[in-house]
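Working notes for the structure below.
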Amino acid sequence: MLVFAERTRHMTASAIREILKVVSQPGMISLAGGIPAPESFPIHLMPRLTEAVLSRYGASALQYGTTEGFGPLRENLSVLLKTMHIDADADDILVTSGSQGLLDMIGMILISEGDAIAVESPTYLGALQAFRPYAPRFVTMESDDEGLIPEALEETLQRTKIKFIYLVPTFQNPSGRTLPFARRLEIARLIRKYDVVLVEDDPYSALRYQGTDVPSIKSLAPEKVVYAGTFSKVFSPGLRIGYCAAPKPIQQWLVVAKQGIDLHTSTFCQALAAEYIVGGHMTRHLPRIIDLYHPRQTAMLAALSRHMPDGYHWTRPEGGMFVWLQGPCGIDTEKLNEQTIARNVAFVPGKFFFADPDQGAHAMRLNFTNSDETTLEKAVAILADAARTASDPTEC
């Protein structure tokens with residue numbers, strides 16, 4: 001008889017992946033996944049990049065590689081991070097199989113059963129899913145329209161022995177919120193004061209449509225922060241190229257963990273990413289991605305203003321991929337999603353982004369990057385029509 005490991009009790013299927021299975025049918029408008037638009041992929045560059053990789057690196061691009069990552073990519077990532085005021089040499093960088101793979105490795109090396117992990121409320125569903133098999137205890141911290149409240153972080157650190165903090169400070173998934181600089185300074189001060197590690201997940205900061213860049217927390221407290229980046233939003237998610245810069249003791253253990261998980265990330269995909277940077281292609285292509293997404297975000301926000309009934313409010317991010325919408329008392333967005341799916345529109349109910357399953361019933365995450373403006377207008381009109389009859393004041 002097959003007996004599964006005890007940790008499988010803490011493992012669940014990804015809610016978003018399960019929703020995407022449902023909405024993959026023809027005619028469905030999906031506002032659910034955090035999926036880049038296929039039009040954003042630099043397909044026109046791929047033959048040139050492939051030719052450059054094979055010409056420059058030959059058979060070595062198809063060979064096993066070092067666990068730490070492909071040397072030329074790490075060197076170019078070092079240069080890229082320095083433009084963001086993150087002082088990381090090539091040897092300080094680990095290339096991972098997407099940032100999701102990194103989150104699993106962080107859980108593997110840092111979490112013992114029962115450890116307290118501090119997270120925002122709401123927070124990234126994929127992080128909860130990556131950490132849960134290691135049986136931590138999630139401690140949620142209060143947020144507002146500007147993200148994590150530093151006073152809530154300090155109260156948490158005073159009250160509980162926290163193993164590490166997990167944040168998405170810029171265009172947060174799911175809320176789209178961005179921590180202002182003053183809060184980042186205070187958070188950097190607090191993690192130094194209380195000697196605690198912070199995992200800074202940064203997949204979206206390059207997707208800024210307005211406003212000015214905000215320095216990373218890693219640049220403010222480098223010795224206390226594990227910084228995670230990815231090529232999924234600025235190149236191709238299918239290549240599965242993520243990377244991190246971590247304090248040396250953590251970095252060393254991440255390498256050991258990765259050796260046992262996958263030996264190394266695809267050499268060929270890493271070489272493509274290296275050529276994408278060194279050839280100046282990323283610098284030239286990123287504005288095209290922004291020019292594609294910005295009108296879509298504008299269209300969604302305008303459609304929400306036109307169509308949503310009273311009692312609903314939503315974030316207005318300066319970038320990223322998501323809008324976080326909260327409904328009135330009595331709304332159950334999981335039931336609402338069932339109604340809109342029947343009308344060929346899907347989103348992600350908010351409850352899946354909370355460590356406490358009893359929270360988030362009145363919220364939802366909407367993605368705008370994977371649909372054009374006309375489609376977004378149609379989808380929001382259908383969502384609003386369903387929302388008008390969905391709330392039940394008697395439940396308030």
Side-chain angles (χ1 to χ4, degrees), residues 36 40-43 45-106 200-207 216 218-219 222 225-248 250-259 261-286 289:
S40 74
F41 302 151
I43 293 175
L45 292 175
M46 297 309 292
R48 189 187 315 174
L49 293 175
T50 300
E51 183 179 357
V53 165
L54 295 176
S55 174
R56 189 185 300 268
Y57 304 113
S60 64
L62 305 175
Q63 185 56 277
Y64 285 114
T66 60
T67 300
E68 289 82 354
F70 187 60
L73 176 58
R74 296 168 76 203
E75 290 166 6
N76 281 284
L77 284 171
S78 173
V79 174
L80 179 65
L81 289 175
K82 283 181 170 63
T83 68
M84 301 163 60
H85 307 290
I86 296 174
D87 188 15
D89 294 331
D91 289 343
D92 299 322
I93 295 168
L94 171 66
V95 181
T96 62
S97 299
S99 56
Q100 191 67 28
L102 171 65
L103 295 178
D104 178 56
M105 289 188 290
I106 287 171
E200 180 177 16
D201 201 352
D202 188 25
Y204 309 108
S205 63
L207 302 179
S216 65
K218 175 71 171 178
S219 69
V225 176
V226 177
Y227 177 86
T230 180
F231 282 88
S232 291
K233 311 304 185 289
V234 298
F235 188 14
S236 161
L239 294 178
R240 308 307 300 136
I241 303 294
Y243 56 92
C244 78
K248 285 194 182 298
I250 295 177
Q251 191 88 337
Q252 291 166 356
W253 276 108
L254 288 172
V255 172
V256 173
K258 185 172 174 62
Q259 287 171 346
I261 293 172
D262 62 6
L263 296 182
H264 67 92
T265 299
S266 164
T267 306
F268 187 73
C269 292
Q270 290 186 74
L272 288 173
E275 287 298 317
Y276 186 55
I277 298 175
V278 77
H281 304 296
M282 186 168 77
T283 301
R284 291 189 292 270
H285 188 68
L286 183 57
I289 299 175

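Heavy-atom basis, side chains included; hydrogens, waters and symmetry copies ignored. Heads up: numbering here begins at 1 and tracks the sequence.
With hydrogens and angles ignored, the 3.5 Å screen pairs no side-chain donor or acceptor of S205 with any backbone N or O of D202. With hydrogens and angles disregarded, no donor-acceptor distance shorter than 3.5 Å links the side chain of E75 to the backbone of A90. Side-chain atoms of E275 never come within 3.5 Å of backbone atoms of L49 as a donor-acceptor pair (strictly under, hydrogens ignored). Judged by distance alone, with hydrogens and angles left aside, the side-chain atoms of K258 form no donor-acceptor pair with the main-chain N or O of T96 at under 3.5 Å. Judged purely by atom type and a 3.5 angstrom limit, K218 uses its side chain to pair as donor or acceptor with the backbone of V225. With hydrogens and angles ignored, the 3.5 Å screen pairs no side-chain donor or acceptor of H264 with any backbone N or O of T66. In this structure, the side chain of R240 does not engage the main chain of G98 through any donor-acceptor pair within 3.5 Å.
Exactly one residue among L272, L77, L239, V95 makes a side-chain contact (heavy atoms from CB on, under 4.5 Å) with F231. That residue is L77.
Expressed to the nearest 0.5 Å, how far CD1 of I241 lies from CG of L73 amounts to 7.0 Å. Between the OH atom of Y64 and the CG atom of L263 there is a distance of 6.5 Å, given to the nearest 0.5 Å. How far CG of L254 is from CD of Q259: 11.0 Å, rounded to the nearest 0.5 Å. Considering CG of L54 and CG of L62, their distance stands at 6.5 Å, rounded to 0.5 Å. Distance check: L102 CG to C244 SG gives 4.5 Å after rounding to the nearest 0.5 Å. Distance check, rounded to the nearest 0.5 Å: CZ of R284 to CG of L45 gives 8.0 Å.
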Apply side-chain contact (heavy atoms from CB on, under 4.5 Å) to K82 and D87, showing your working. CA-CA 5 Å; K82 283 181 170 63; D87 188 15; 3.6 Å; yes
Given the rule in the side-chain contact (heavy atoms from CB on, under 4.5 Å) test, do L286 and L207 qualify, once you have shown the distances and angles that lead to the verdict? CA-CA 8 Å; L286 183 57; L207 302 179; 4.3 Å; yes
Test log, rule ring pair (Phe, Tyr, Trp, His ring centres under 6.0 Å), inputs F70 and Y57: CA-CA 11 Å; F70 187 60; Y57 304 113; 5.0 Å; yes
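Taking the six-membered ring where tryptophan is involved, the planes of Y276 and H281 are essentially parallel, since the angle between them stays under 30° and well short of 60°.
With sequence neighbours left out, the side chain to side chain contact (heavy atoms under 4.5 Å, CB included) criterion links P237 to P36, F41, S232. Partners of D104 according to the side chain to side chain contact (heavy atoms under 4.5 Å, CB included) rule, which considers only residues two or more places apart in sequence or in another chain, are M108, Y134, I261. Taking K233 as the reference, nothing meets the side chain to side chain donor-acceptor pair (under 3.5 Å) condition, with sequence neighbours excluded.
Scanning both residues, V234 and I289, for their nearest heavy atoms gives O-CD1, 3.8 Å. Between S216 and Y227 the shortest heavy-atom distance is CB-CE1, 4.3 Å. N76 and A274 make their closest contact through ND2-O, 4.3 Å (heavy atoms, listed as atom of the first residue, atom of the second, distance). The nearest pair of heavy atoms linking T267 to S60 is CG2-O, 3.5 Å. When all heavy atoms are compared, the tightest approach of T265 to Q270 is O-NE2, 2.8 Å. Closest approach of A88 to S78, counting heavy atoms only: O-OG, 2.6 Å.
A side-chain donor from one of D262 and S97 sits under 3.5 Å from a side-chain acceptor of the other.
Note on K248 versus D92: salt bridge recorded, some NZ/NE/NH1/NH2 to OD/OE distance being below 4.0 Å. No salt bridge links E68 with R74; every basic N to acidic carboxylate O contact stays at or beyond 4.0 Å.
The neighbour count for E51 CD, taken as heavy atoms of other residues, nucleotides or ligands under 6.0 Å away, does not exceed 12. Atom CZ of R48 has 12 or fewer heavy atoms from other residues, nucleotides or ligands within 6.0 Å.
By the 4.5 Å heavy-atom criterion applied to side chains, V226 and P247 are counted as neighbours. At a threshold of 4.5 Å between non-hydrogen side-chain atoms, the residues L103 and D201 count as touching.
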